[in-house]
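The structure appears below as structure tokens.
Just so you know, these numbers come straight off a predicted model, no measurement behind them.
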Amino acid sequence: MPGPECKWSTTETGAPCGTDDSSGRLAPVFVYGTLKTGQPNHRVLLDGAHGRAAFRGRARTLEPYPLVIAGEHNIPRLLNLPGRGHRVFGEVYEVDERLLRFLDEFESCPDMYQRTRLHVALEGVRAPLECFVYTTATYPPEWVHLPYLDDYDSQGKHGLRYNPRENR
């Protein structure tokens, strides 16, 4: 049985990065890279120091997107090019406003990533779920030609090891 309805109304989701509507509601966030279970930054969602997160399930994007590993630190990037690439695997978390604001800062939103919305198919749930996601809209043109992944793993066969923030 799915958790409580966590889709925000259009007025509540229209807030740009770093804003707070103080509604106390939980926002669904789709994570596809280093924030997923077993990945280097997953602890950010678990430690509670920056707000609350509740795991809601595994999911795939309804539309294909290019998921690439790019830049000098081998960071996973979901390029904001719906219709290209693969249906990307990830996880959905419901997060409170405090954690959403922290994730905006953690993801360098809006400079490195932009918080946008997309629809995912949540395992075990029939209706699509609209979630926040951190995508990349501005990038070097050659990134479009990098290999597209459908499921990111920092230790994957791609051989491109993620360089954690603490090592930069």
Side-chain angles (χ1 to χ4, degrees), residues 1-10 12-15 17-69 74-80 82 85-109 112-136 148-156 158 161-162 164-166:
M1 186 106 197
E5 179 65 32
C6 58
K7 182 177 170 184
W8 289 31
S9 72
T10 55
E12 291 167 321
T13 57
C17 295
T19 61
D20 177 11
D21 75 356
S22 300
S23 68
R25 298 184 123 185
L26 298 177
V29 176
F30 176 75
V31 299
Y32 57 84
T34 66
L35 290 171
K36 289 189 327 185
T37 302
Q39 298 305 308
N41 293 321
H42 184 64
R43 68 188 181 288
V44 168
L45 294 174
L46 301 178
D47 70 12
H50 306 289
R52 295 180 305 139
F55 177 73
R56 288 299 170 232
R58 296 163 31 110
R60 283 201 184 268
T61 59
L62 283 186
E63 286 190 79
Y65 283 86
L67 172 58
V68 301
I69 300 173
N74 294 323
I75 297 172
R77 313 277 189 136
L78 191 69
L79 305 183
N80 196 353
H86 303 288
R87 290 184 60 216
V88 175
F89 170 79
E91 299 171 345
V92 174
Y93 289 83
E94 288 178 340
V95 303
D96 64 11
E97 276 294 312
R98 193 167 145 232
L99 185 54
L100 188 62
R101 285 191 315 271
F102 173 80
L103 288 174
D104 284 347
E105 183 179 320
F106 185 82
E107 299 289 6
S108 300
C109 183
M112 187 164 138
Y113 290 96
Q114 295 75 46
R115 180 169 24 112
T116 59
R117 288 179 257 157
L118 57 66
H119 288 90
V120 299
L122 190 63
E123 286 184 357
V125 178
R126 288 187 181 176
L129 178 67
E130 182 180 64
C131 296
F132 284 127
V133 64
Y134 292 92
T135 63
T136 303
Y148 296 166
L149 306 173
D150 66 346
D151 189 2
Y152 174 79
D153 182 345
S154 63
Q155 300 294 315
H158 49 72
R161 298 295 177 248
Y162 172 74
R165 292 167 181 254
E166 56 272 11

Should the pair Lys36-Asp151 be classified as a salt bridge under the 4.0 Å nitrogen-to-oxygen rule?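 Yes, Lys36 and Asp151 are salt-bridged.
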
To the nearest 0.5 angstrom, please state how far the [atom1] atom of [X] sits from the [atom2] atom of [Y].
X      : Y      : atom1 : atom2 : answer
His42  : Tyr93  : NE2   : OH    : 4.0 Å
Cys131 : Glu94  : SG    : CD    : 9.0 Å
Gln114 : Thr135 : CD    : OG1   : 5.5 Å
Phe106 : Leu99  : CZ    : CG    : 10.5 Å
Leu103 : Leu45  : CG    : CG    : 6.0 Å

Regarding Arg58 and the six-membered ring of Phe89, is the cationic atom NZ or CZ under 6.0 Å from the ring centre and inside 45° of its axis?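 Pair Arg58/Phe89 does not count as cation-pi.
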
Any side-chain to backbone donor/acceptor pair from [X] onto [Y]? Under 3.5 Å, distance only.
X      : Y      : answer
Tyr162 : Gln155 : no
His86  : Pro64  : no
Arg52  : Leu26  : no
Arg25  : Glu97  : no

Do His158 and Ile69 pass the side-chain contact (heavy atoms from CB on, under 4.5 Å) test, and can you show the C-alpha distance, the side-chain angles, and the key distance before you say yes or no? CA-CA 9 Å; His158 49 72; Ile69 300 173; 3.5 Å; yes

State, to 0.1 Å, how close [X] and [Y] come at their nearest heavy-atom pair, and which atoms those are.
X      : Y      : value
Thr136 : Arg77  : OG1-CD, 3.6 Å
Glu107 : Leu35  : OE2-CD1, 3.3 Å
Thr34  : Gln39  : O-CB, 3.3 Å
Val88  : Phe30  : O-CZ, 3.5 Å
Gly85  : Tyr148 : CA-CD1, 3.3 Å
Leu79  : Tyr65  : O-CD2, 3.5 Å

Just wondering, do Arg115 and Leu100 contact through their side chains at under 4.5 Å, heavy atoms?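 They are in contact (side-chain heavy atoms under 4.5 Å apart), so the answer is yes.
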
Within a strict 4.5 Å, meaning less than it, do heavy atoms of the Phe102 and Val44 side chains meet?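 Of all side-chain heavy-atom pairs linking Val44 with Phe102, at least one is under 4.5 Å.
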
Step by step, would you call Met112 with Ile75 a side-chain contact (heavy atoms from CB on, under 4.5 Å)? CA-CA 11 Å; Met112 187 164 138; Ile75 297 172; 3.7 Å; yes

Working for side-chain contact (heavy atoms from CB on, under 4.5 Å), residues Leu118 and Thr116: CA-CA 7 Å; Leu118 57 66; Thr116 59; 5.9 Å; no

Tell me if the CD atom of Glu123 is crowded by more than 12 foreign heavy atoms within 6.0 Å.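 Check passes, neighbour count above 12.
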
How about Asp104 and Tyr113: does a side-chain donor come under 3.5 Å of a side-chain acceptor?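 No, no side-chain donor-acceptor contact under 3.5 Å.
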
